[in-house]
Amino acid sequence: MPELLTTYQKRIEAALTQALPAAGERLADAMRYATLGGGKRLRAALTYACADAFAVPLHAVDAAACAVEAIHAYSLIHDDLPAMDDDDLRRGRPSTHRAYDEATAILAGDALNTLAFALLAESPLAPAVKLAQIQTLASAAGWAGMIGGQMRDMAATGQTLTLPQLQTIHRSKTGALIRAALHLGALPAANYGAHAATLNELGEALGIAYQIADDILDATADSATLGKTAGKDAAQGKNTYPALLGLDASRTALAEHSARAQAAA
């Protein structure tokens, strides 16, 4: 899907450029630095792809695509802080707290978090659909989703988890936002309810596959390829699939979850 992905990437870059506050003030500049500084735009692409699959006009979900990318950018800013993963490199350039300072980075992340929900509230969709999107994203990003998963991941650092325990962490830490991206794109469709359960299956399989791939790359690729510090997981005693299963078994698991995602799609 390289051509389709490129189309979605160009669309989200243009939409984000308009959605973010204008450059010129330090906070706005930090928000734009963190959000417009590259990235695969996977989550926005999933939102657009679902909209296409459900015959929802892409302009109707521009706000949702921007919102999910704003949440993702905020999470990366906070992940990189010294109190969290303490990483000086993100997307091939200095992390936001290095390009600016820690206080500005924290506030930029906070501002992107709140901007996401403002964008959803101000979108052109029907009030009931907007409310469902807000609820979906809030649940995915909050204590029961991404933030809760990050907390459990930090608490388990240095411990040896079972595979089910590791997958439970990653279903929330990584998978919740990916699942939300799918639902955000499909929610405006009249037949959304008939396919919501399948979107959950697809999102869960995609989320775990994505995390396994990320873990493998952290263990095998260099920093220039990754755009972030390589080998950081092992150095910090993080629980990863290669650490638990080994590289070969991790690659097998990646193929299995990728096949499940394809079947659900």
Side-chain angles (χ1 to χ4, degrees), residues 9 12-44 47 62-123 130 133-155 157 172-174 176-178 180-181 184 214 223 226-229 232 236 238:
Q9 288 171 332
I12 190 57
E13 292 298 332
L16 281 170
T17 299
Q18 292 298 314
L20 289 163
E25 294 187 9
R26 186 172 181 81
L27 179 59
D29 290 346
M31 293 168 69
R32 296 178 74 88
Y33 178 88
T35 310
L36 300 175
K40 297 176 287 295
R41 305 302 185 202
L42 171 67
R43 292 151 191 82
T47 297
D62 279 333
C66 287
V68 76
E69 285 295 327
I71 291 290
H72 181 54
Y74 123 72
S75 74
L76 298 182
I77 293 174
H78 285 194
D79 278 355
D80 289 337
L81 289 166
M84 302 279 273
D85 288 350
D86 193 15
D87 206 320
D88 293 342
L89 191 66
R90 173 66 65 179
R91 292 173 173 171
R93 60 182 188 167
S95 302
T96 305
H97 70 277
R98 286 298 182 190
Y100 292 85
D101 56 68
E102 289 181 31
T104 301
I106 291 169
L107 292 174
D110 293 345
L112 285 167
N113 186 4
T114 54
L115 175 65
F117 298 100
L119 291 173
L120 291 178
E122 296 162 3
S123 84
K130 292 194 287 189
Q133 287 183 328
I134 290 168
Q135 185 177 34
T136 296
L137 187 58
S139 177
W143 69 269
M146 180 184 72
I147 293 174
Q150 175 75 354
M151 185 70 240
R152 287 189 289 274
D153 184 45
M154 291 170 58
T157 298
S172 52
K173 178 186 174 185
T174 304
L177 201 57
I178 288 176
L184 290 174
D214 192 63
S223 297
L226 290 174
K228 57 184 179 180
T229 306
K232 197 84 179 208
Q236 293 182 334
K238 292 275 187 180

Check: [Y] and [X] side chains under 4.5 Å, non-hydrogen atoms:
{"X": "Asp79", "Y": "Asp87", "value": "no"}
{"X": "His78", "Y": "Asp110", "value": "yes"}
{"X": "Leu107", "Y": "Arg26", "value": "no"}
{"X": "Thr17", "Y": "Arg32", "value": "yes"}
{"X": "Thr104", "Y": "Asp29", "value": "no"}
{"X": "His97", "Y": "Asp88", "value": "yes"}

Short question: side chain of [X], backbone of [Y] - any donor-acceptor pair under 3.5 Å?
{"X": "Asp85", "Y": "Asp80", "value": "no"}
{"X": "Lys130", "Y": "Ala121", "value": "yes"}
{"X": "Thr157", "Y": "Asp153", "value": "yes"}
{"X": "Thr114", "Y": "Ala111", "value": "yes"}

task = Verify side chain to side chain contact (heavy atoms under 4.5 Å, CB included) between Asp62 and Gln18, making sure each step is shown before the conclusion.
result = CA-CA 11 Å; Asp62 279 333; Gln18 292 298 314; over 6 Å; no
Straight-line distance of [X] [atom1] to [Y] [atom2], nearest 0.5 Å:
{"X": "Leu184", "Y": "Gln133", "atom1": "CG", "atom2": "CD", "result": "5.5 Å"}
{"X": "Leu119", "Y": "Leu137", "atom1": "CG", "atom2": "CG", "result": "10.5 Å"}
{"X": "Ile77", "Y": "Tyr74", "atom1": "CD1", "atom2": "OH", "result": "10.0 Å"}
{"X": "Glu69", "Y": "Leu42", "atom1": "CD", "atom2": "CG", "result": "8.0 Å"}
{"X": "Met31", "Y": "Glu25", "atom1": "CE", "atom2": "CD", "result": "11.0 Å"}
{"X": "Leu20", "Y": "Leu36", "atom1": "CG", "atom2": "CG", "result": "5.0 Å"}

Please find the pair of heavy atoms, one from [X] and one from [Y], that lie closest to each other, and give the distance.
{"X": "Leu177", "Y": "Met146", "result": "CD2-SD, 4.3 Å"}
{"X": "Cys66", "Y": "Ala19", "result": "SG-CB, 4.1 Å"}
{"X": "Ala34", "Y": "Thr96", "result": "CB-OG1, 3.4 Å"}
{"X": "Ala116", "Y": "Ala70", "result": "CB-CB, 4.2 Å"}
{"X": "Tyr33", "Y": "Pro94", "result": "OH-O, 2.6 Å"}
{"X": "Ala64", "Y": "Thr47", "result": "CB-CG2, 4.2 Å"}

inquiry  = Run the side chain to side chain contact (heavy atoms under 4.5 Å, CB included) test on Arg43 and Ile71 for me, step by step, so that the C-alpha distance in whole Å, both residues' side-chain angles and the decisive distance to 0.1 Å come before the verdict.
reply    = CA-CA 10 Å; Arg43 292 151 191 82; Ile71 291 290; over 6 Å; no
inquiry  = Arg98 vs Arg90, test: side chain to side chain contact (heavy atoms under 4.5 Å, CB included). Steps then yes/no.
reply    = CA-CA 10 Å; Arg98 286 298 182 190; Arg90 173 66 65 179; over 6 Å; no
